[in-house]
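To keep things clear, I will list the structure first and then write my remarks on it.
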Amino acid sequence: MPSFLPYLYHTLFPPTVRYPDILLIDFGLIMAGIGLLGFMTKTRRWGWLWREWLTTVDHKKIAVMYLIAAIVMLFRGGIDAEMLRAQLALPTTKFMPAAQYDEVFTTHGTIMIFFMAMPFIFALFNAVVPLMIGARDVAFPRINAMSYWLFAFGAILFNISFVIGGSPNAGWTAYPPYTGLAFNPGPGENYYFLALIIAGMGTTMTGVNFLVTTVRMRAPGMTLMRMPMFVWSTMITSALILFAFPPLTVALAMSLFDRLFGSSFFTLTRGGMPMMYVNLFWLFGHPEVYILVIPLFGVFSEVVSTFSKKQLFGYPVMVVSMLAIMFLSYGTWVHHFFTMGAGPAVNAFFGLSTMLIAIPTGVKIFNWIFTMWGGRIQLTVAMLYQLAFIPTFVIGGASGVMLAVVPADYQFHNSYFLIAHFHNVIIGGTLFGLLSGLYYWWPKMFGMKLNERQGKVAFWLFFIGFWITFTPQYLLGLKGMTRRLYTYPIGMGWHELNVISTFGALIMGAAFVALVYNIVWSLLYGEKDLTGDPWNGRTLEWALPSPVPEYNFARIPVVHERDAWWAMKQRGQSLADLKPEDVRDVEMPRNTPIPFLLGASFFVVGFGMTFKFWPIAIMGFVGVILCILFSGFDYEDHHHLKADVIRSTEASLGRLQG
Amino acid sequence: MSLPLAEEQVQKLPLEFADEKESVNITGFWMFLVTDVLVFGSLFSTYAVMRHSYAMGPTADQLFKMGPVMLETLLLLTSSFTIGLGVFAMRKGQTRALMFWLLLTMLLGAGFVTTEIHDFVSFAAIGATWHTSAFLSAFDILVGTHGAHVTFGIFWALTLLLQLRKRGITARTARKIYTFSLYWHFLDIVWIFIFTFVYLNGKIV
């Protein structure tokens with residue numbers, strides 16, 4: 001027994017998690033944790049937290065939880081980015097040792113993609129899709145909550161890696177043989193695989209849920225071609241998730257088995273084939289970049305038509321181009337590794353299919369511009385992000401086409417040119433889109449506007465900071481600087497550009513601070529949204545009060561055309577003319593602790609397997625089985641909201657006649 | 001969106017489709033099956049790539065014995081027929097017949113899993129485990145994932161049996177039986193691919 005404790009100490013806290021900066025963070029986390037516990041107990045909020053949030057199945061509350069997680073992860077991933085930039089601006093000082101640098105670029109990429117962008121997108125899906133289609137909730141509210149908690153516990157599992165056991169360090173793509181046991185014996189990569197499998201299951205469930213929601217739960221009269229563009233983008237993204245995540249899960253599971261159980265899928269010995277992992281990973285990974293950007297195409301379409309006071313230009317073409325991108329995105333994965341040497345025929349095919357995607361994307365860009373053409377444009381913060389997106393994304397897309405030219409790619413491959421390209425599209429497309437959506441739908445989610453003046457400060461800092469950060473990186477790539485490099489001699493001619501880039505990253509850091517300040521200030525003093533329709537919007541979510549009552553629609557609306565709410569307003573109609581006899585009892589999903597417990601059980605499984613503490617893993621597994629069994633036998637998963645309750649709620653909002 | 005059917009047409013649908021909510025559940029289950037198709041697709045492609053990576057270990061031809069595999073095929077295909085009969089009984093509202101067919105399906109499934117485990121143990125006895133070669137890793141994970149699905153299905157059927165005994169055939173239990181039958185047929189189809197592409201193909205030298 002006495003030898004057990006030192007063993008435990010050395011397993012959980014190896015020297016790699018005992019750097020001074022990490023110890024400082026440990027101290028900070030413990031202090032913050034104690035502070036939070038004290039605050040919650042003092043203000044007696046535990047019951048409130050459990051009843052209102054941890055057990056909720058309401059899509060609007062799940063959206064808020066996704067949003068909080070995404071912003072926290074944006075902070076974490078952003079700090080990682082600042083650390084990387086600091087090291088590269090000071091390449092000869094040992095700001096970070098090589099091993100720590102590897103960990104930080106790995107967690108930066110993984111967190112930003114899987115634990116920042118994805119939940120942020122799901123926050124927007126959850127916040128508005130049921131409202132836009134005139135539904136009371138998503139198709140499977142409990143599965144929606146399970147998706148959230150699987151994501152959340154996956155994220156927690158990934159994030160504790162840097163204080164317990166050590167972070168993964170093989171890049172966000174986790175290629176073998178870097179991740180093989182022979183080269184990477186610590187627990188870091190186990191964390192990566194398990195956290196991503198757990199969060200990925202949640203994501204797959206979200207895909208199923210929103211596909212069925214958009215296919216089956218639409219209000220009467222809302223045909224496919226009357227759906228708001230954001231709903232279209234949700235449907236297409238969900239279909240992409242459905243087809244993209246299983247190969248990832250399989251690839252991750254095989255890598256994990258190689259590490260934990262001695263199989264030989266991707267090992268260098270016994271006939272294993274590391275390139276098979278790379279193929280499976282990008283079979284997921286390329287559709288993933290469209291999963292990350294298509295929802296934002298939807299957001300931009302809503303924002304541009306609302307703030308130009310015009311119907312979206314070329315609606316059917318927008319739909320067709322999104323579908324084209326969806327199909328093409330499955331035929332391009334090899335462009336991530338042209339240098340594998342699959343031969344000229346294969347590479348030419350994938351080079352061409354990649355360039356082909358530029359066509360539907362270009363069509364969309366023109367449609368957004370034509371929507372603005374002749375419109376009465378309001379320069380709100382949401383619209384500013386849309387305007388910034390267009391040139392940024394076009395330049396990022398054009399450098400993507402350059403990378404698709406196979407012979408040129410042999411030069412660009414793994415250089416900073418590539419880094420600049422994908423940040424150009426992911427920040428310019430995804431992050432700008434997410435922030436545009438955040439400013440646009442914030443009043444609907446929280447009942448007050450985000451302050452526009454502060455929002456504009458944050459916007460300009462993001463926009464300018466972005467270009468100062470990434471323009472030098474294109475040049476660095478052309479000068480031969482490769483990615484994942486923690487040091488270089490000063491005389492290489494790279495130093496000045498790196499310093500400029502780091503300066504830009506600091507501006508983006510300031511932009512994040514401005515954003516958080518904007519959010520906190522607006523929550524405290526923001527202008528209340530009393531009408532429910534602060535932007536003079538076009539789609540059904542703006543027909544409801546802000547924030548939206550639990551049951552969304554007291555009476556399900558009937559849709560006759562595109563931009564249903566705009567047309568209703570033109571005809572002088574509204575949803576606030578409810579007669580008491582119109583209101584009936586509504587069946588609502590009942591809150592349940594199962595999703596939370598399921599996520600927690602998976603967390604225990606993940607933690608146990610990471611360190612090969614098998615009894616703990618088995619305990620977690622038993623928990624998982626109990627949760628599944630319980631939900632199978634639970635027939636009391638809904639309750640009836642009485643018409644009287646709805647009537648009094650609607651009356652207090654002034655939406656009931658008589 | 002409500003079904004584009006008139007009320008009297010909806011009444012004629014089977015129980016699990018007539019109920020709006022259960023019908024949405026069935027759509028959801030189809031979507032889940034899509035993801036499962038992709039899981040097996042990835043495993044099949046891995047097997048296709050690694051099927052000759054023997055690395056000093058036994059080859060497919062040396063390893064596979066067709067006797068147990070034929071038996072497994074027979075058991076699983078029959079079980080797919082019996083669950084079909086079960087759904088047929090359910091449509092006629094015969095709870096006891098449904099429970100009988102469900103039980104028989106479970107037993108056939110259990111026979112399949114037992115034979116398969118026996119087969120895998122005999123491989124392990126001659127040292128052919130997934131430590132041996134990439135071929136065996138890919139084989140074990142493909143066939144093993146299928147076997148795990150069947151095993152899960154057996155336990156799922158057990159819980160359904162208990163629910164049927166307590167509640168009889170309602171819209172909700174009918175939907176659960178129906179989705180279970182979809183799942184079971186799906187595993188049957190996957191097995192046919194495993195039988196052809198893995199076992200029969202492995203015997204072609």
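Each chain gets a letter, A, B and so on, in the order the sequences are listed, and its residues count up from 1.
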Flag if over 12 foreign heavy atoms under 6.0 Å of [atom1], [X]:
{"X": "A:R590", "atom1": "CZ", "result": "yes"}
{"X": "A:M225", "atom1": "CE", "result": "yes"}
{"X": "B:F195", "atom1": "CZ", "result": "yes"}
{"X": "B:R167", "atom1": "CZ", "result": "yes"}
{"X": "B:F88", "atom1": "CZ", "result": "no"}
{"X": "A:Y175", "atom1": "OH", "result": "yes"}
{"X": "A:Y330", "atom1": "OH", "result": "yes"}

Heavy-atom distances under 4.5 Å only: say whether B:T145 touches chain A with side chain, backbone, both or neither.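 Neither the backbone nor the side chain of B:T145 comes within 4.5 Å of chain A.
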With a 4.5 angstrom heavy-atom cut-off, could you sort out which part of B:V49 is near chain A: side chain, backbone, both or neither?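 It is both, since atoms from each part get that close.
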Find out whether [X] and [Y] are in side-chain contact, i.e. whether some heavy atom of one side chain is under 4.5 Å from a heavy atom of the other.
{"X": "A:L280", "Y": "B:T46", "value": "yes"}
{"X": "A:R270", "Y": "B:T132", "value": "no"}
{"X": "B:M31", "Y": "A:N209", "value": "no"}
{"X": "B:N25", "Y": "A:F140", "value": "yes"}

Shorter than 4.5 Å, heavy atoms on both sides: which option in B:S42, B:A55, B:G41 has the most such pairs with chain A?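 The candidate making the most pairs under 4.5 Å is B:S42.
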Among B:K166, B:R172, B:K176, which residue has the highest count of heavy-atom pairs closer than 4.5 Å to chain A?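 Among B:K166, B:R172, B:K176, the one with the most close pairs to chain A is B:R172.
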Side chain [X], main chain [Y], donor-acceptor under 3.5 Å:
{"X": "B:H131", "Y": "A:G262", "answer": "yes"}
{"X": "B:K21", "Y": "A:A139", "answer": "no"}
{"X": "B:S137", "Y": "A:S264", "answer": "yes"}
{"X": "A:R216", "Y": "B:T27", "answer": "no"}

Among [options], residue most engaged with chain B (heavy-atom pairs, under 4.5 Å):
{"options": "A:F245, A:Y635, A:F633", "result": "A:Y635"}
{"options": "A:T267, A:V250, A:D258", "result": "A:V250"}
{"options": "A:A239, A:G207, A:G271, A:P246", "result": "A:P246"}

Which answer fits [X], side chain, backbone, both or neither, if we ask what part of it has an atom under 4.5 Å from a heavy atom of chain B?
{"X": "A:L629", "value": "side chain"}
{"X": "A:M273", "value": "both"}
{"X": "A:T204", "value": "side chain"}

Report, in residue-number order, which members of residues 109-126 of chain B are under 4.5 Å from chain A by heavy-atom distance.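 Checking residues 109-126 of chain B against chain A gives no residue, so none.
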Point-to-point distance, once rounded to the nearest 0.5 Å, from CZ of B:F155 to CD1 of A:I628: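 Those atoms lie 13.0 Å apart.
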Which distance, rounded to the nearest 0.5 Å, do you find between the OG of A:S263 and the CD1 of B:I141?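 Rounded to the nearest 0.5 Å, the OG-CD1 separation comes out at 7.0 Å.
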With under 30° as parallel and over 60° as perpendicular, where do the rings of A:F265 and B:W130 fit, or are they tilted in between?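 Because their plane-to-plane angle is over 60°, the rings of A:F265 and B:W130 count as perpendicular.
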